[in-house]
Each structure stands twice: as structure tokens, then as C-alpha cells.
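In the text below, chain A, chain B and the rest are named by the order of the sequence lines, each starting its count at 1. Just so it is clear, the structure is predicted and the values come from calculations on it, not from any experiment.
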Number of protein chains: 2
Amino acid sequence: MTTPAPGLHSHVLAALGLAITAGEYPPGTVLRTDELAQRFDVSRTVVREVVRVLESMRLVESRRRVGVTVQPTPSWNVYDPQVIRWRLAGADRPRQLRSLTVLRSAVEPVAAGLAALHATPEQCRDLTERALGMVATSRGRQLDAYLVHDVAFHRIVLEASGNEMFARLGDVVAEVLTGRTHHHVMFEDPDPAAVTLHVQVAEAVRERDADRAEALTREIAVGALRELDVLAP
Amino acid sequence: MTTPAPGLHSHVLAALGLAITAGEYPPGTVLRTDELAQRFDVSRTVVREVVRVLESMRLVESRRRVGVTVQPTPSWNVYDPQVIRWRLAGADRPRQLRSLTVLRSAVEPVAAGLAALHATPEQCRDLTERALGMVATSRGRQLDAYLVHDVAFHRIVLEASGNEMFARLGDVVAEVLTGRTHHHVMFEDPDPAAVTLHVQVAEAVRERDADRAEALTREIAVGALRELDVLAP
DNA sequence: TGTGACATAAAAGTCGTACTTTTAATTCCT
DNA sequence: AGGAATTAAAAGTACGACTTTTATGTCACA
């Protein structure tokens, strides 16, 4: 779940990134590198490297004679997978989950439509396989096994779309699905209707029916949003 | 356009980032920090900080006893505004422009639908104003003035959607619009149909007609894609 | 001849310190 | 009171020493 990644750098980065995204340091707070070095018991070198990374994520801004200033949320690089993970781990997971799900609802239908046009035979096969896997694990509290198939399914669709930007949302979708499963923003067993829809999407892609693939995926998205409304109002 | 940002760090970062995204160092290439320090005539400290940032963008990976390895394109953080800018400045601008436009075509219609539900009176006003601005500058080689209104228009829609992820795509859209204008992936004067559609979107948002706003924006997107097909095949 | 333990060295990682540069804030002069 | 000169705080940069990891080459043994 959490990136293990050894090394002092990663440790401090994770600690600071998490703290900032969690709102522990409100925007405008200034941190001084020396102070941070002391706090984490590392050299200033390490802190500086961390700050530079945080700066590239626009979580902070470093200015001479002032220090490292925490930036307001609107300037954060919210598409950075690292930032997404930190935020999902923190206090505003609900809001985060919602805005990411809305993003999915916009992107995935279009991606599915393109996938119907571009998917390779192998991708079609994998997709069907995953859909069947979802069916097989959709009953009897097998949420974890189900999740694996679900994530794989959506990854394949995004990948098969042939669009680089869509493909790179695979990780984001994985985070969302994992997050909502592990935090019970989901029914005990997956919605049977959703499972069926996945099977049908695989079918539509196999049959190169772009419009149907798009429409069906849109239904999945609508369902996910509704579920979110019910369980995390 | 290009971030000036003084300092040795920014300079080296821009140089390396640009070179890597331009494919000057093919994936698998290993760079050694000492060598880079020499090449750019800066201290290892600076190079290390740059490498750390590049690593957070997943353009490179640094491993002990090996060096700094350039990563394959699929692992890059292609949503990082910095990376987007570098790539748009480089050789594969066409491909880049296309995949970003497809992304827009997925996101903006949904954003417009939401904007119709959530836009403040002020945003409605600004939107209308921008649409009228587009009309006013749509004839007689005023592409630059037109661009300003166009960018502002789309920014407002994304912002007004109330969704953070959408809002943060404002910069990306700005880059795309600017890019295609400045590189003549566009007709000499804007497509009159597109201009009209913008006016109608503003109207739909003002009247809280989500479905219409979405449909109209989808038409704009389709138009943009078609234009791209014609001018950059 | 192959295989596994061992030694070697190359490169990144870390640290501490000294120095430079920018710039917010204070002081001081008119 | 206002503006110019001074000060000092913090980041930026550089350098050198040392540590740690680890790919690779070596050698002994089966």
C-alpha cells in the first residue's frame, strides 16, 4: 500500500508530504530547513532534496530569507500519483474519492469507446477473462479477490484506448477502487448490476461496438457515483 | 510562456528535463551525477537535487552502483504540468497535442454539465463576457486576442464545475490551446461554428441546462478533434 | 566445466562545514 | 514621515570526507 522505498530521503518526503496534504501545516505556514533537519534528525542536504521535490509538486514554495512556505490547495499538483496517495491516506479521503470518481466518470466511457476501436485480440481476451473473474468473485465476501479483477479490468480498458493520458490514469483508478474497498465505501458484495455491466463492456469491446462500450461504461460510472452518494454523503 | 525561474537548479532541471522528454537520452541511458555536474559546471549538490525532482516525475530512476537511468515513456508522470510543457516544446508535439485533445474531449463536456449546476452568478457573467469576446475577435487575423478569451472561457468552465481534478486541468487546456494556435494547427480564423457553440454553452450554463451545456461542449470537442485530423494527420 | 562464496570497486547516499546571495526588516538620516 | 543605507536571516551553492549498496569479476571447490 504505502511505498516502502528505503532511504532517509523517502522517509522524510513521506512524512512531510503526508503532513502537508493532511492539512497539518495550513497554507502560509513557513518551515525552515534547519529546523526540519533537526526535527527529522537528518542533514540539511536531505531536507533540501525533499523540499525540492515538494516544490515540484507545488505543495511548497521556497524563498530566500523567508523559508519554505506551504502553498494553498489549489496550486497543488493533484494529478501527481504520490500526492493522490497521500491525500487518500489522509483526512479528506471522502472528498478526494468523490472528485476522482467524477473524473473517472468522464474519462472511462470515452476510453472504453476508443478501446472498442483499438483493443488488440489479446486485450479483448484479457478483458473477458477479468470480467468473468469478477463474476466468479462477486458473491460471498470475496471483496479482495474481486478488487484484483476490477482493477485489472479498468486498467486494460484505459490501456487499450491507445491514448497515453488515459492509460496513465490506470494507477489513479487503482487507488480509487482500492481505497473504496478498503474503507467500506462500498456494499458488502459488489452490485450485481455493475458486474453484469462489466461483462457486457467486455463483450462490446470484443465486438468493436464503440458506442455500446461507451454507454455501458457510462452506466457503470453512474452506478459508482450513486453508490458514493449513498455511502459517503 | 517558459518559466523563467532563476537559479542554477532551475536551469539544469530545464535542460535535463527537456533533453529527456525530447528523447535525446533514450530509455535505459544511464547518467552519472559526477559527469552531469561537470557537464553543467555545477556542484554535485545541485545535480542531486535536480535528479531527485526528475525522479519524482518518473523520468529517471536513481540506483546505487548503477547511476541515473532514463525511464521509458510509459512510466513518466505525463500529467505533471512541467512535463507537459517540455513535451509540447519538443519533437512529439503533434502526438502530445492529440492525446491531450482527446483528454479534453472526455473531460470538458462533463465539466460543462457540472458547471451548469454549480456556476456562481459571477462565473456565468464572466463566461458570457468571454464568449462575446471570442465573437468580437473571431475575424480578421486576431488569433492572439481570440486565444486569450478562449483560454479564459475554458478555464472558467473547468473551475465552475466545482470539481478539483477538472479545475486543475485549466493549465493543460491553456497549453493545448496556446500550442495549437502558435503552431498553426488551426485555421487562419477560428471556425465560426465553434464560436457560436461557445456562446451557446455560456447560455446553457446561465440557464442551468446541464444536458445542453454538456452536449454543446461535446460538439466543440468533436470539432477540435476533426480540425486536428485535418491539419495534423 | 559449472557453481557458489567472496572480494572489489563504482556509484549513489549522507553528512558537516564554509561560503555566497538574496531580501525582509530595521535603523538612521534628512 | 519617508526614504536610503545597513543588517541579518534564511536559502542557495560548493566541496570534501565518509558510508552504503550492489553489480561484477575472481577464485576455489565440486
Look at the rings of B:H11 and B:F40 and say which category their plane angle falls in: under 30° parallel, 30 to 60° tilted, over 60° perpendicular.
perpendicular
When rounded to whole Å, the CG to C1' distance for the pair B:L36 and C:dA12 reads 13 Å
One thing to verify: whether A:R39 and A:E35 come together as a salt bridge, which I'm taking to mean a side-chain N less than 4.0 angstrom from a carboxylate O.
yes
Answer yes or no: side-chain N or O of B:R44 and base N or O of C:dT14 forming a donor-acceptor pair under 3.5 Å.
yes
Whole angstrom value for the distance that separates P of D:dA9 from CG of A:L31:
19 Å
Separation of B:E49 atom CD from C:dT14 atom P, in whole Å?
13 Å
Over how many whole Å does the gap from A:F40 atom CZ to C:dC15 atom C1' extend?
18 Å
With a 4.0 Å cut-off on heavy atoms, is B:T45 in touch with a base, just the backbone sugar-phosphate, or nothing at all?
base
Is any side-chain N of the basic residue among B:E159 and B:R155 closer than 4.0 Å to the acidic one's carboxylate O?
no
Could you check B:L8 against B:V66 and say which one's nearest nucleotide on DNA chain D is further toward the 5' end?
B:L8
Give a yes/no on whether any side-chain N or O of B:S43 is located under 4.0 angstrom from OP1 or OP2 of D:dT13.
no
Just the rounded figure in Å: distance from P of C:dG13 to NE2 of A:H11.
17 Å
Minimum-distance nucleotide to B:R64 side chain [options: C:dC15, D:dG12, C:dG13]:
C:dG13
Could you tell me whether the side chain of B:R65 has a donor or acceptor atom within less than 3.5 Å of a complementary atom in the base of C:dA11?
no
Using a cut-off of 4.0 Å on non-hydrogen atoms, how would the nucleic acid contact of A:V42 be classed: base, sugar-phosphate, or nothing?
sugar-phosphate
Salt bridge or not for A:E122 and A:R125, using N-O below 4.0 Å?
no
Options D:dA23, D:dA14, C:dA12, nucleotide nearest the side-chain atoms of B:R63:
D:dA23
Please report, rounded to the nearest Å, how far the P atom of D:dA10 is from the CD atom of A:Q38.
13 Å
Give a yes/no answer on whether the side chain of B:S62 brings an N or O atom under 4.0 Å of OP1 or OP2 in C:dG13.
yes
Out of D:dA11, C:dG13, C:dC15, whichever nucleotide has its closest atom nearest the side chain of A:D34:
D:dA11
Before accepting this row, confirm whether a basic side-chain N of the pair A:E49/A:R52 lies closer than 4.0 Å to the acidic partner's carboxylate O.
no
Quickly work out the B:E61 CD to D:dT22 P distance and round it to whole Å.
12 Å
Taking atom P of C:dG16 as reference, at what distance in whole Å does atom CZ of A:R48 sit?
16 Å
